[in-house]
Every structure is written in C-alpha cells, then in structure tokens.
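Take a look at the structure set out below.
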2 protein chains.
Amino acid sequence: MEKYRQLNIKLTPQRLAILDYLRDNTNHPSAEDIFKAVKKKFPTMSFATVYNTLETLLNKGGIHELKIETGKKRYDYDVTPHHHIICIKCRKIVDLYKDYKIPLPDEITREFELINKTVEFYGTCRNCKKRH
Amino acid sequence: MEKYRQLNIKLTPQRLAILDYLRDNTNHPSAEDIFKAVKKKFPTMSFATVYNTLETLLNKGGIHELKIETGKKRYDYDVTPHHHIICIKCRKIVDLYKDYKIPLPDEITREFELINKTVEFYGTCRNCKKRH
DNA sequence: CTATCTGCAAACGTTTTGCATCTGT
DNA sequence: ACAGATGCAAAACGTTTGCAGATAG
C-alpha cells in the first residue's frame with residue numbers, strides 16, 4: 001500500500017498486521033485492542049512491539065493519538081483533520097469531518113502561534129437515550 | 001465559602017485544604033501536584049484521600065477533569081464552560097472564555113443529543129518560540 | 001551485512017482498592 | 001451515633017525500558 005511505503009520504516013509482518021488492523025478498525029482502538037487482535041495472527045506478539053510500532057508511527061505522522069479517554073490512549077489511522085463526538089454513556093466515538101474556523105481573541109494570538117485544534121463534542125447517542 | 005457548602009459533602013480539614021489549593025492554583029494541577037502541596041499542611045495526607053476527594057468533587061460537579069495530558073489527569077476548579085490553548089513545547093495551558101457556537105451536521109444531531117463541547121487549541125507560546 | 005526490530009520480563013508512574021481507625025454533622 | 005472520611009500499604013493498570021537474539025532492506 002502507498003501509505004505504508006511513505007512511512008519509510010521497516011515493514012515487518014508485525015507492523016503490517018498492526019497497520020492493517022488500524023486501517024480496518026476505525027473505532028479508535030486502544031493499545032490493548034490492537035494487541036489482542038494482532039496476537040491472533042502472531043501469537044508471539046508482545047506489548048513492546050505494539051507500543052514500539054505505535055510510537056514509530058506517531059513520529060512518522062502515520063497515525064494520531066487521541067486523548068479522549070483518561071488513563072488510556074486511543075489511536076486513529078485517519079490523520080486527516082477531523083473532530084469527534086463521544087457518547088458519555090457508551091463511549092461510542094463518531095468522526096466529524098468539518099473544518100471549523102474558530103476565531104481566537106487577540107490576547108491569545110499575540111501570545112500563541114496556533115498550530116492546530118480539536119473539538120470534542122459530548123452527548124448521548126440515540127441508543128443510550130432510548131434505554132433512558 | 002458558598003461553593004464549598006453547596007457541594008453537600010463533609011468538609012474535613014483535608015478536603016478544605018484540597019479545595020483551597022485548587023481554588024488558588026488555576027494552573028490545572030495533577031493529583032501529585034495537589035498531594036505535594038497539601039501534604040505540607042497535613043503531613044499524614046495520603047494519595048487515597050486526594051483521589052477520594054477528587055472523585056467526590058467530580059461527582060458533585062465541583063471540579064472538572066482535563067484530558068489534556070495522556071497518562072496523567074489534571075483538575076480544574078473552574079467549572080464554568082471554557083476552552084484551553086496548550087503550548088506543545090512547555091505544556092503551558094491558558095484558559096479561553098469564549099462561548100463558541102459550533103454547528104453540527106444534521107446526521108449528527110439526528111444521532112446525538114449534544115450536552116457540551118470543548119475546544120483544545122495547540123500551538124507554541126511566545127517563550128518557546130523565542131528559544132527557537 | 002548491519003541498522004533496526006522483536007519479544008520477554010522487569011520496572012515505572014498513576015490510579016484504585018481493602019480495611020481498620022477516626023470524625024463531621 | 002453513625003454514615004462516611006482518612007491513611008496506610010498493597011495491588012492494579014497502562015505504558016516504558018533493557019537487552020539478547022532475529023530480520024528487513
């Protein structure tokens with residue numbers, strides 16, 4: 001795949017399995033989710049390899065790290081800018097592709113050079129609202 | 001203080017020290033920051049009490065938990081709606097009191113009942129930009 | 001061939017828990 | 001008086017690290 005080659009990293013079978021899993025599971029999996037899944041293909045797979053690979057991919061800009069959960073990182077194969085809406089009950093995360101222009105007050109633009117922004121919306125999804 | 005009483009919790013000296021610290025330190029301290037500070041007043045203070053108190057305050061809506069750092073929670077005494085801009089170099093966090101109206105697409109509003117939102121801006125602060 | 005990756009196990013930092021004792025209300 | 005808080009130590013949890021052996025390029 002084109003994206004894989006552009007990363008300029010050694011494409012080991014383990015890394016390919018991790019990349020494939022991330023590509024096919026856009027539900028923002030945690031390191032453990034990834035580990036469990038790829039361990040089925042590679043029974044010797046270790047957490048070290050998962051974390052090493054995620055770290056490498058992060059540095060190469062191949063994935064994004066989400067700070068949506070406290071105490072557990074989540075990963076996103078989709079690095080195009082987008083936002084998230086999260087159900088506060090079931091923690092379902094839905095992607096939101098909208099390029100919002102959010103103006104910053106002058107006292108902030110004087111102090112900060114803006115690089116990027118993320119908007120997180122919180123609410124209850126239809127399913128969770130139903131079961132009151 | 002009025003806010004303290006409204007929490008409807010037992011106001012032990014330890015809790016008062018934690019609340020006072022949070023009230024006076026709006027730099028979004030971590031549990032360890034809080035622990036270190038209040039331990040000076042209460043040498044017997046334990047992490048359990050800090051975490052118990054923070055959990056209680058969260059449930060009562062007296063404080064907010066910030067998901068800005070991965071692997072470490074930060075706390076905010078200010079529960080009025082606001083956003084943050086974070087320096088990606090020194091991790092300085094500046095509050096931003098702006099009530100942004102951010103429109104959601106119909107397919108989202110059909111699926112979710114919006115409760116609240118937070119915007120996180122990332123950039124480099126003046127100090128960090130200076131030292132190139 | 002060699003720079004880099006894997007996998008194991010041990011260590012780490014943060015947060016949670018069980019429980020006996022103590023204390024605000 | 002008693003529901004609920006404290007403080008200690010141990011454990012849990014996600015993540016990182018050191019290192020010997022393996023492997024992609």
Side-chain angles (χ1 to χ4, degrees), chain A residues 1 4-22 28-60 62-76 91, chain B residues 1-22 28-60 62-76 91:
Chain A
M1 207 188 185
Y4 292 8
R5 215 165 291 114
Q6 287 175 351
L7 292 168
N8 269 322
I9 58 169
K10 275 195 191 174
L11 290 174
T12 66
Q14 291 90 336
R15 285 181 169 180
L16 285 170
I18 292 170
L19 274 165
D20 286 352
Y21 180 79
L22 283 166
H28 318 86
S30 66
E32 193 184 3
D33 296 333
I34 299 164
F35 172 70
K36 278 186 183 158
V38 293
K39 200 175 175 61
K40 285 177 192 157
K41 257 191 195 165
F42 292 89
T44 63
M45 171 74 60
S46 74
F47 261 109
T49 299
V50 173
Y51 281 113
N52 283 342
T53 300
L54 291 171
E55 179 68 17
T56 303
L57 293 174
L58 276 173
N59 289 338
K60 296 287 181 176
I63 59 172
H64 271 177
E65 184 183 275
L66 304 188
K67 296 191 250 295
I68 279 170
E69 213 82 41
T70 54
K72 185 186 273 185
K73 294 174 185 171
R74 292 174 160 278
Y75 299 90
D76 200 336
R91 309 306 296 175
Chain B
M1 206 189 185
E2 195 46 34
K3 168 161 173 172
Y4 293 7
R5 215 165 292 115
Q6 287 174 351
L7 292 168
N8 270 322
I9 57 170
K10 277 194 191 174
L11 290 174
T12 66
Q14 292 88 337
R15 286 180 167 181
L16 285 171
I18 292 170
L19 275 165
D20 287 352
Y21 180 79
L22 283 165
H28 317 88
S30 66
E32 194 185 2
D33 296 333
I34 299 164
F35 173 70
K36 278 185 183 160
V38 293
K39 200 174 175 63
K40 285 177 192 158
K41 257 190 196 165
F42 292 89
T44 63
M45 170 74 61
S46 73
F47 260 110
T49 299
V50 172
Y51 280 112
N52 282 342
T53 300
L54 291 171
E55 179 66 18
T56 303
L57 292 174
L58 276 173
N59 289 337
K60 296 286 181 177
I63 58 172
H64 271 175
E65 184 183 272
L66 304 188
K67 296 190 250 295
I68 279 171
E69 214 82 40
T70 54
K72 184 187 275 184
K73 293 174 185 171
R74 292 172 160 279
Y75 299 91
D76 200 336
R91 311 305 297 175

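Source: prediction; values computed, not measured.
One interatomic measurement links the two molecules: CZ of Phe35(B) to C1' of dT14(C), which rounds to 13 Å at whole-angstrom precision. Spacing between atom CE of Met45(A) and atom P of dC8(C) amounts to 10 Å, rounded to whole angstrom units. One interatomic measurement links the two molecules: CG of Asn8(B) to P of dT25(C), which rounds to 11 Å at whole-angstrom precision. If you take CG of Asn52(A) and C1' of dT15(D), they are 11 Å apart, rounded to a whole angstrom.
Residue Lys72(A) has no polar side-chain atom (N or O) positioned under 4.0 Å from OP1 or OP2 of dT15(C). Regarding contacts with the backbone of dT15(D), a side-chain N or O of Tyr51(A) is found under 4.0 angstrom from either OP1 or OP2.
Tested against His28(B) for a side chain to side chain contact (heavy atoms under 4.5 Å, CB included), the candidates His64(B), Glu69(B), Arg74(B) yield a single pass: Arg74(B).
If you find the closest nucleotide of DNA chain C to Ala31(B) and to Gln14(B), the one lying nearer the 5' end belongs to Ala31(B).
No hydrogens or angles considered: a donor-acceptor pair under 3.5 Å links the side chains of Asp33(A) and Ser30(A).
The nucleotide whose nearest atom lies closest to any side-chain atom of Phe47(B) is, among dG7(D), dG7(C), dT15(C), dT15(C).
Residue-level contact check: Lys10(A) touches the bases, meaning some heavy atom is under 4.0 Å from a base atom. Using a 4.0 Å heavy-atom criterion, one finds that Thr49(A) contacts the bases of the nucleic acid, with or without backbone contacts as well. As judged by a 4.0 angstrom heavy-atom cut-off over every strand, Glu32(B) is placed among residues touching the sugar-phosphate backbone only. Nucleic acid contact for Pro13(B): sugar-phosphate only, since backbone atoms but no base atoms lie under 4.0 Å from a heavy atom of the residue.
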